[in-house]
*Asks:* 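One structure coming up, written as structure tokens, with questions to follow.
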Amino acid sequence: ADAPVIGLITKTETNPFFVKMKEGAAEAAKAKGAKLLSGAGKADGDNAGQITAIENMIAAGAKTILITPSDSKAIVPAIKKARALGVMVIALDSPTDPAEATDALFATDNYRAGVLIGQYAKAALGGKPAKIVMLDLFPGHPVGAQRHNGFLKGFGLAAPDAKSNELGKAPEIVCMADSFGDQAKGQTAMENCLQKAPEVTVVYTINEPAAAGAFNALKKAGKEQGAIIVSVDGGCQGIKDVGAGKIAATSQQYPLKMAAMGVEAGVEYAKSGKKVAGYTDTGVTLIAAKAVGGVDSKDVAAGTSLCWGKK
Amino acid sequence: MSTTTLSPPAVTTMRALHDKLPPLGTLGPLVALLAACVFFATQSDRFLTGANLSLVLQQVMVVGVIAIGQTLIILTAGIDLSCGMVMALGGIVMSKFATELGLPPALAIACGIAVTTLFGLINGLLVTRIKLPPFIVTLGTLNIAFAITQLYSNSQTVTELPPALTALGNTFTFAGTEVAWGALLMLALFGLAWFVLRETAAGRHVYAVGNNAEATRLVGIPTQRVLLGVYVIAGLFYGIASLLSVARTGVGDPNAGQTENLDAITAVVLGGTSLFGGRGVVLGTLVGALIVGVFRNGLTLMGVSSIYQVLVTGVLVILAVAADQLSRKGAR
Amino acid sequence: MSTTTLSPPAVTTMRALHDKLPPLGTLGPLVALLAACVFFATQSDRFLTGANLSLVLQQVMVVGVIAIGQTLIILTAGIDLSCGMVMALGGIVMSKFATELGLPPALAIACGIAVTTLFGLINGLLVTRIKLPPFIVTLGTLNIAFAITQLYSNSQTVTELPPALTALGNTFTFAGTEVAWGALLMLALFGLAWFVLRETAAGRHVYAVGNNAEATRLVGIPTQRVLLGVYVIAGLFYGIASLLSVARTGVGDPNAGQTENLDAITAVVLGGTSLFGGRGVVLGTLVGALIVGVFRNGLTLMGVSSIYQVLVTGVLVILAVAADQLSRKGAR
Amino acid sequence: MMMSAAPQIVMQAKGLVKRYGQVTALDGADFELRAGEILAVIGDNGAGKSTLIKALSGALVPDDGEIRLDGQPIRFKSPIDARRAGIETVYQDLAVAPAMTIAENLFLGRELRRDGLLGRVFRMLDKKRMLRLSIERMQDLKVGIRSMTQAVETLSGGQRQCVAVARAAAFAQHVVIMDEPTAALGVKEGNMVLELIRRVRDQGLPVVLISHNMPHVFEVADRIHVARLGKRAAVLDPKRVSMSDTVAVMTGALLPEDLPAGSLAH
Amino acid sequence: MMMSAAPQIVMQAKGLVKRYGQVTALDGADFELRAGEILAVIGDNGAGKSTLIKALSGALVPDDGEIRLDGQPIRFKSPIDARRAGIETVYQDLAVAPAMTIAENLFLGRELRRDGLLGRVFRMLDKKRMLRLSIERMQDLKVGIRSMTQAVETLSGGQRQCVAVARAAAFAQHVVIMDEPTAALGVKEGNMVLELIRRVRDQGLPVVLISHNMPHVFEVADRIHVARLGKRAAVLDPKRVSMSDTVAVMTGALLPEDLPAGSLAH
Ligand SMILES: Nc1ncnc2c1ncn2[C@@H]1O[C@H](COP(=O)(O)OP(=O)(O)OP(=O)(O)O)[C@@H](O)[C@H]1O
Ligand SMILES: Nc1ncnc2c1ncn2[C@@H]1O[C@H](COP(=O)(O)OP(=O)(O)OP(=O)(O)O)[C@@H](O)[C@H]1O
Ligand SMILES: [Mg+2]
Ligand SMILES: [Mg+2]
């Protein structure tokens, strides 16, 4: 029989997170003798691009599609169509809305990832006044909102719930700016925020490249000692930055694991026709160089050994 | 004496025949499209199926309809960077009006199209009245439309639409193949645009304005009105594209349209329309949109990984136009 | 008799004076920039500090240097969509060569710049030899450079660079303000480009080619060589921008440059250079880049939330150019 | 021209002023066109001839001064207004759309629609008829152009000129203005245009002819308007003034009042 | 022209062919330019005059035929080659850059650099000197242009023509070719250009003058090359042929062999 065809659709081509995910899937596919097709939106938020990728992969004979939805709601009708054609669809990294739209979900909870670093930042700050800079993704992105609101929640501030796409506000936030998850833009955003509010004690960043940019800006202003930077992702580079003291703590996720599990499920489906179902939390771990009281965290060594699901 | 200077009938007939053929500017992209199809057909036996080709048509219908409006604007030597964002705004307006405000679907659709047409009007007024460069105007409205879309939708996707809004995404069976009504609508709109541009005075005036605006004005054509009309009609097309986009995805998506800006311009230019205005054929734009769609579909069928797809697309875009150019040189 | 037709000295002096002033095309953007600065100064007392202004300069240095190359190309009536991606590739090449291959920093930098220059050369050859439209050519190389960047870097950021690669990000103190060397380099490059475009034959030929390519050819100027030269030099500028980008962020970032494409073109057009070629001043581009930087900085200082920033930017871009246009009408 | 009845004045302008920055192209120019005449406008390069007729044809709006058509004061805001008033103009920097065909250029802005439904409802152009009429029109001018469906940019300089002249002559209802229509034309074609100008006049339409070609001017003009330094220096009667005196007035070597008696037109 | 010594031939072409799609613009045209002469080229619109001189000036590469300069076969691949050989041309569709100033247009492609370091190392232009020379050059032509630093697009049609003519006359080393240089010029300016052409000739440079203005042609030409239907129909001697016979040959009404004896130039 032909090798089973499995499609993997990421949000973009370029985010190291998704590149890792693709690598994990490719390795697993090779090991299991499956053919992996990969596709992506042109940019984060490109729902139409993902729909096109789903259609083309089905046309190419894919029986299982793994997808990290760019837009949790907007992708649902296309997934419904695919499932109606007998294709098993598994969401990776983030759920669709409603979550039942896919057969299964292998993911991290982004809201929870935010909560963890929020708690850490609150504890690490101790008694100092909270003057928070929020370096978000870009307007309208659900993951951006989930991490942002989770952080506020963990920090003990009022925040919208996990489903909201609105960025929560609080008087403790002295500056909010978009980093586009990019180091150079993160740096620019942080520089401008420092002009607005020179006394910063906590910096929330959407991901580790943005955190690195924020650190650069702080360092240039000679303020890197005074502020705690927290972030999300737990990529190998990010963990290194935690070790180097640039980032205080980050919530680590496991894209390789998600992908490998997805491919295994796809091969199994091709063999036996058995579908997986339900939510499998691939877990979030808080990685911090210095543990603080009252918040569970693992150290850098543990983070490095696990970074992005390396086994 | 006049007969001696007129050319012999043989030459006249030859030339008449030559005039009947489409100009090479349209033929070149068509050859590139066919070549791509032949290539993909040899690589994957799934490519040349009716179902797959119908799929490609569905995938390009949104960009295709946007690109009609974009063609009109580029023919007048303008450019519209706002097209995708305006389209997204239209989609949000019609889906929110139909769900939250509970308007009847037809009215909600009309409101959405009215908003995109209004944006076309604003673009047009800024270009014609204050004489701003279209690039700047539409760069501005691009940002404005994006911001309004996000603010109005609160960045939330609008779901649970009434079926009337997504009807164009439904299919009918033709010769054993499922064809989407929206794809049919796109083809009809291309036909309409082609007819108007070619067979009516208004259409010829669009070319004239792009070709030599001052001469067109001196001849007594209200160039400003032609320009304004083009921007408004482009806005109307974006509104129809909004509806197609909503129908295709089944939701009102505030992040739609972000890649359509460049895609639409690419389709127009690949189709042989000059960015300097006055030269081009709208059917070339259809071919240009199809080239992009066929590449994406064919490469996926071949199992080319997506980053290599980008690489291959880059090379092929250049090759397609280069082949066209070189063949024209040969013909001279 | 010749004296009767020559104008009286008063008129001549007036005109000579008039010729000394920068053309309104440069003055307009400058006025817009100053107006923006005055506005922000009233809104935030931190705005007009030396440190903040020096910061803005640092933030625009990458886009600024790219935009110099882009200005050259747009002056010849071309356009370069690939600029940002080529810049990113250059940054990855120099940072990977310096770390993984362990080349001496100077050599690694040279290699990075060589790669971007090579891309310029490829763009130029396709435009001049095969006579492809610059839009298509650079759309192709945009994709190619992007794919190579991602593949070569494996989409991973390159870190732990030798200090020589980031030296331009360091600052020196001038009049109590920290100024980045890279910002100084950008200003120097603008000065150089301004001098060459204005005071040398090669520079005037760039204008002539964009203004009337056929006439320039007939006059005996090797237009193809001028064009090729412009694309190659633009590539060189992108290489320098790569170095600035690496120096600014301290890493080799495969995702750099993605918004710089449109930003650079925006800076050029905001600066008053015509997309139809042959008209414009490179210092206007600097002003255009600063306008974008000042808006972003000033709006953040005012605490405007990001989505409203997008809205305001859209409106202000239009207003800035409209004010320029209306003031020119008044002057006539 | 008959001297008896007071000649009817079709178009008249008084004190037209047009400035371009420091340059004053029109400096209080007067103008008068009578029914059924050919009025030649001559003058040095830069004397303001083209600017004058652009003001008369609505291509530009003068800074000052007044224009009357059939005695009524008018204000053309655009060439459309002038065209509606039946004024057709051949501009010096040929107003043609180079990428469009000759037939399309001839009918630009006055396209013919098909009869019946196709034309009324679908607004379809009658390309065949326009093509046929174009061929007739160009044969009138005896121009050897091979195909009316070729783009204007492929024509020789003189052939382009012919397209512009043919267009103006074919559609004028009231006044025809031609800015150096014979400048790029061969001897044969130039004579055809002069012939055409006479024919237009004989149909009762007055013609304004700007030309640097003195033999042409003296061959066809009923009166000669001499433009100089943005003003009207004199109006001469070609039957009573010599070519060399005309040139002398034009270049300023001779003042109009020093001309032999009777040189000035009435 | 002296008949005694065999005249020296500067430029010669045999059997030039140039096709544009179905249109054959040159159909085996011959050409001969002698040292120190003014050769007029005349012909109907579309006769192929402009195409001929474009082939001679490197602006286009003929499909067939041979060109010799001073007896040596040459192949101009671009206008640069022709310019290097000292050939300067005024094209009919004025080759000027409209947004650039008059001075810049005059010196386009032959800019003067400053003396000393500034020029040699920094390659700085000597704008002052170019401006001064431009003013002198234009005063030679007696053109009333107010400022050399104004953009060419602000000039009247005739003034633009003067810019192109001045440029060619100033820089030619070997041959000057002018395609209808007086077409848009006033009487005064036209005569200045004729005067200039004579002066160039008297300096020893041969001039090719394309013109539809027969009086001008007969005033200055040493020989007349008649182009017809893409070929050279005849070469006439203006001192021995009448203007009307010339026009008859040009339009095909008269065959060259039917001309009175001695009309043909040697
Ligand atoms: N758009 C413009 N901007 C600035 N100056 C202009 C403009 N148009 C014309 N002029 C100036 O106005 C004056 C009159 O120009 P106009 O074109 O009316 O002359 P003309 O009599 O038609 O000359 P010609 O016989 O050469 O065509 C000239 O000095 C010219 O330089
Ligand atoms: N680029 C072109 N494409 C197609 N046909 C052309 C082109 N250039 C010239 N022709 C044709 O070649 C023929 C000769 O043109 P050319 O310009 O040499 O004539 P000419 O003798 O200079 O006429 P004129 O006196 O009107 O300037 C004409 O019939 C013209 O239509
Ligand atoms: Mg004029
Ligand atoms: Mg010619």
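Below, chain A is the first sequence line, B the second, and so on; all start at residue 1. Note that this is a predicted model, so its numbers are computed, not measured.
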*Asks:* Mind checking whether D/H212 and E/L185 have side chains closer than 4.5 Å, heavy atoms only?
*Replies:* no
*Asks:* Look only at the side chain of E/N45 and the backbone of D/K188, and say whether a donor-acceptor pair between them is shorter than 3.5 Å.
*Replies:* no
*Asks:* Please look at D/V247 and chain E and tell me whether the side chain, the backbone, both or neither of the residue comes under 4.5 angstrom of a heavy atom of that chain.
*Replies:* side chain
*Asks:* So which of E/P215, E/G186, E/S211 has the largest heavy-atom pair count under 4.5 angstrom toward chain D?
*Replies:* E/G186
*Asks:* Enter the distance from D/N213:CG to E/H216:NE2 here, rounded to the nearest 0.5 Å.
*Replies:* 8.0 Å
